[in-house]
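All chains are named by letter (A, B, ...) in the order of the sequence lines, taking the proteins before the strands, and each is independently numbered beginning at 1. Atom set for the values below is all heavy atoms of this structure, side chains included, hydrogens, waters and symmetry mates excluded.
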There are 2 protein chains.
Amino acid sequence: MSSSKSFPGKCQQSLADHMRPDLFKALCDPVRISIVATLAAQAESQTVGDLTECCGIDFSGVSRHLKILREAGVVNADKNGREMLYSLKTEELAETLHAMADALIGCRDIA
Amino acid sequence: MSSSKSFPGKCQQSLADHMRPDLFKALCDPVRISIVATLAAQAESQTVGDLTECCGIDFSGVSRHLKILREAGVVNADKNGREMLYSLKTEELAETLHAMADALIGCRDIA
DNA sequence: GAAACATTTGCATGTTTGCGCAAATGCACT
DNA sequence: AGTGCATTTGCGCAAACATGCAAATGTTTC
């Protein structure tokens with residue numbers, strides 16, 4: 001009800017809530033995109049060592065990138081013995097992107 | 001056909017194509033998100049001066065942010081006399097986000 | 001306990017980024 | 001031509017970022 005009442009302020013707020021700059025920041029680096037793409041293409045979780053192969057940098061850098069992705073909620077991290085298993089939060093990420101798109105379209109309809 | 005054949009390499013490529021770090025880079029800044037949200041909430045195009053109100057920085061900075069958004073394909077820029085009218089490419093942006101989400105889910109299904 | 005291994009963290013360095021200010025550009029109006 | 005307004009661009013600076021190397025942490029295996 002009344003969702004068709006023109007109320008740009010509310011829409012702006014809702015958009016600001018949905019569009020998460022921190023998530024975009026996590027995904028704005030080519031190396032991190034490379035990591036995400038590699039994880040998406042593999043059914044099994046990957047170790048830092050595995051993921052180091054896909055991006056041409058030192059594994060310490062990969063570890064740092066993974067930390068950023070983890071904190072942004074893009075990947076899961078599970079400790080298995082001395083190695084760390086990283087996997088993509090595919091569903092959540094896709095849902096978040098969808099929600100952003102929907103919020104945009106919703107704003108267009110209101111405004 | 002054969003889209004269900006397990007082919008992680010292809011998926012990784014397709015994802016790398018869809019996930020555009022440059023777009024994420026354009027959207028990773030709070031001020032730029034603020035601009036996007038403001039544009040989304042308004043039916044009419046906005047000038048640089050208008051948009052300067054929403055984000056608490058100098059208009060020269062706003063102009064620079066708008067350039068970044070323009071080059072990333074997030075906003076339209078139309079010159080009208082001595083002022084510049086900016087509007088959000090709502091459809092394209094929403095479509096791009098959807099495509100990313102779909103590519104992610106597609107990868108999950110294949111891998 | 002010691003050695004080997006996977007990952008994280010501290011540190012130094014070069015690069016990028018966002019910002020304000022001031023100058024430059026472009027356009028309208030008289 | 002000349003003045004005024006909107007926007008862009010050049011410059012300098014401080015903060016943030018990505019990276020490699022080396023040291024530290026945690027874990028397995030012998």
Engineer: If I take atom NZ in residue A/K79 and atom P in nucleotide C/dT8, what distance separates them, rounded to the nearest angstrom?
Structural biologist: 8 Å
Engineer: If you only use heavy atoms from C-beta on, which nucleotide in C/dT7, D/dT27, C/dC19 is closest to the side chain of A/S63?
Structural biologist: C/dT7
Engineer: Indicate, with a heavy-atom threshold strictly under 4.0 Å, whether B/G49 touches base, sugar-phosphate, or nothing.
Structural biologist: sugar-phosphate
Engineer: To the nearest 10°, let me know how far the axis at one end of the helix from C/dG1-D/dC30 to C/dT30-D/dA1 is tilted from the axis at the other, five pairs an end.
Structural biologist: 20°
Engineer: Tell me the interatomic distance from B/L51, atom CG, to D/dA6, atom P, rounded to whole angstroms.
Structural biologist: 14 Å
Engineer: Give A/G81 one of three labels, base, sugar-phosphate or nothing, depending on what nucleic acid heavy atoms sit under 4.0 Å from its own.
Structural biologist: sugar-phosphate
Engineer: Rounded to whole angstroms, how far apart are CZ on B/F59 and P on D/dC5?
Structural biologist: 12 Å
Engineer: In whole Å, I'd like the distance from the CG atom of B/N80 to the C1' atom of C/dG26.
Structural biologist: 14 Å
Engineer: Between the side-chain atoms of B/S60 and the base atoms of C/dC21, is any donor-acceptor pair under 3.5 Å?
Structural biologist: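 Per atom types, the contact qualifies.
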Engineer: Send over the distance from B/D58 CG to D/dG10 C1', rounded to a whole Å.
Structural biologist: 14 Å
Engineer: Quick one: pull up CG in B/L93 and CZ in A/R108 and give me the separation to the nearest 0.5 Å.
Structural biologist: 12.0 Å
Engineer: In whole Å, what is the span from the OH atom of B/Y86 to the P atom of D/dT7?
Structural biologist: 8 Å
Engineer: What integer distance in Å separates A/L69:CG from D/dC17:P?
Structural biologist: 14 Å
Engineer: Answer yes or no: does a side-chain N or O of B/H65 lie under 4.0 Å from OP1 or OP2 of C/dT17?
Structural biologist: no
Engineer: Taking all heavy atoms of A/C28 and all of B/C28, pick out the closest pair and write down the distance.
Structural biologist: SG-SG, 4.4 Å
Engineer: Heavy atoms from C-beta onward define the side chain here; which of C/dA4, D/dC5, C/dG18 lies closest to that of B/R32?
Structural biologist: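 Of the candidates, C/dG18 comes closest.
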Engineer: Starting at CZ of A/R64 and ending at C1' of C/dT7, how long is that distance when rounded to a whole Å?
Structural biologist: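 Rounded to whole Å, this separation is 11 Å.
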Engineer: Out of A/I33, A/V62, A/D29, A/T38, which one pairs with A/C55 under the side chain to side chain contact (heavy atoms under 4.5 Å, CB included) rule?
Structural biologist: A/V62
Engineer: Which heavy atom of B/A99 sits nearest to which heavy atom of B/H18, and what is that distance?
Structural biologist: CB-CD2, 3.9 Å
Engineer: Looking only at non-hydrogen atoms, find the nearest pair between B/L23 and B/A72 and report the distance.
Structural biologist: CD1-O, 4.1 Å
Engineer: Evaluate the side-chain proximity of A/D102 to B/H98: yes if any heavy-atom separation is below 4.5 Å, no if none is.
Structural biologist: yes
Engineer: Measuring from B/D50:CG to B/M84:CE, what's the distance to the nearest 0.5 Å?
Structural biologist: 14.0 Å
Engineer: Want to settle it: does A/E83 or A/I68 sit nearer the 5' end of DNA chain D, counting the closest nucleotide to each?
Structural biologist: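 Final value for this comparison: A/I68.
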